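Note that the coordinates shown come from a computational prediction; the quantities given were computed from them, not determined experimentally. Index from 1, following the sequence.
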Amino acid sequence: MAHSLNAPAVQKGAAGPNQPALESEEIWQARVDLAACFRMAARHGLEEGICNHFSAMVPGYDDLFIVNPYGYAFRELTASKLLICDFFGNVVSGDGQPEATAFYIHARIHKNVPRARAAFHTHMPYATALSMTEGDPLIFAGQTALKFYGRTAFDRNYNGLALDEREGDRIAAAIGDADIVFMKHHGVMVLAPNIAEAWDDLYYLERACQVQTLALSTGRQVLPVDPPIAEAAYRQMREGDPESARLHLEAIKRTLAVEEPRFAE
């Protein structure tokens, strides 16, 4: 299902003499944070084989992003194994290359939607299952779902694998102002201003979808929260989201530091 990136088909940027400085502590910390997200996503079963991908813009740069290399499961990834790529498909740091759809989706999103400093794409089971059903995927019936009230979009136009810039641009255009995109017959994309908030949204989105699926399995009607209450609860949650997300990421890093310390290598 995963595809290697056909490097000759990728437009190359000018390889000038000025190479980016990528050894700063801030950039290393971004690598560590992203590696922690990969490891914990694997623990929660949010990935599918070697086909899913997380990316984050390199701190201090608007044209370079960190992404996982092709061929590795999430549970194998470490900070040093992650790649830094430009928007032309050049790997400027790291060994290997990104998976083809990872490049064409994430490069075009980061280029076309600059507010998306982090972009997490998975085929996590409950959210993906809801993307395959009739109607809008998420019912704002559970408290956790209200975290996403007014923040979702639904790309209804499944168009096969994203193996060129045109499809990447189409996906980016479908985002609009949303932070969460359900991709019909495919999966989800979570966009955020930083890695911590992307992880937090990804985790709670799957929990919201899981609870909704369980509720639907009873055969009884699932009742959404009244819109004024849903809006008020959403605002309450969003007020504390950045700090809560930061603490959530710190918690998973502490857990991994004890149980899987190599993630930070």
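For the pair R43 and E260, the salt-bridge criterion is met [side-chain N within less than 4.0 Å of a carboxylate O]. Using a cutoff of 4.0 Å between basic side-chain nitrogens and carboxylate oxygens, R238 and D241 are scored as salt-bridged. No salt bridge links D63 with K111; every basic N to acidic carboxylate O contact stays at or beyond 4.0 Å. A salt bridge does not link K147 to D179: none of the charged nitrogens lies less than 4.0 Å from a carboxylate oxygen. A salt bridge links E231 with R235; the closest basic N to acidic carboxylate O contact falls under 4.0 Å. One finds no salt bridge joining K81 and D95 here, because no Lys/Arg side-chain nitrogen approaches an Asp/Glu carboxylate oxygen to under 4.0 Å. Salt bridge D33/K253: present, at least one basic N to carboxylate O contact under 4.0 Å.
For F54 and H121, the ring centers sit 6.0 Å or farther from each other. Checked against a 6.0 Å centroid threshold, the rings of H123 and H185 do not count as neighbours. Checked against the 6.0 Å centroid threshold, H248 and Y204 count as a close aromatic pair.
Separating the NE2 atom in H106 from the CZ atom in F65 is a distance of 8.0 Å, to the nearest 0.5 Å. Between the CD1 atom in I139 and the OG1 atom in T133 there is a gap of 8.0 Å [rounded to 0.5 Å]. Between F120 atom CZ and Y203 atom OH the span is 15.0 Å, to the nearest 0.5 Å. Rounding to the nearest 0.5 angstrom, the gap separating the CG atom in L138 from the CZ atom in R151 is 11.0 Å. Here the OG1 atom belonging to T128 is positioned 7.0 Å from the CE atom belonging to M124, to the nearest 0.5 angstrom. One finds the CE atom of M57 at 9.5 Å from the CD1 atom of I66 (value rounded to the nearest 0.5 Å).
Checked by atom type and distance alone, the side chain of H44 never pairs as donor or acceptor with a backbone atom of A42 at under 3.5 Å. With H186 contributing its side chain and Y158 its backbone, the two residues share no donor-acceptor pair below 3.5 Å. One N or O on the side chain of R31 and one on the backbone of A79 form a donor-acceptor pair closer than 3.5 Å. In this structure a side-chain-to-backbone donor-acceptor pair under 3.5 Å is present from D164 to R166. Under a 3.5 Å cut-off, the side chain of R170 and the backbone N or O of N157 do form a donor-acceptor pair. A distance-only check finds no donor-acceptor pair linking the side chain of D226 to the backbone of P228 [under 3.5 Å].
Classification of the Y149-F140 ring pair by plane angle, with boundaries at 30° and 60°, yields perpendicular.
Using a 4.5 Å heavy-atom cutoff, the side chains of C37 and L249 are in contact. Taking the side chain as every heavy atom from C-beta outward, L130 and Q212 approach each other to under 4.5 Å. No side-chain heavy atom of S80 sits less than 4.5 Å from a side-chain heavy atom of R262. A heavy-atom distance below 4.5 Å is found between the side chains of I50 and Y70. Taking 4.5 Å as the limit, some side-chain heavy atom of H53 sits within range of a side-chain heavy atom of N68.
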**Item:** Test salt bridge (Lys or Arg N to Asp or Glu O under 4.0 Å) applied to R156 and D136, step by step
**Value:** CA-CA 10 Å; R156 301 174 185 273; D136 291 336; 2.7 Å; yes
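With hydrogens and angles left out, the side-chain atoms of E47 and N52 include no donor and acceptor closer than 3.5 Å.
Closest non-hydrogen pair, P59 versus R117, comes out as CA-NH2, 4.4 Å.
A single hydrophobic cluster is seen to contain both F74 and L205, as judged by linkage of ILVMFWY side chains at heavy-atom distances under 4.5 Å, directly or through other members.
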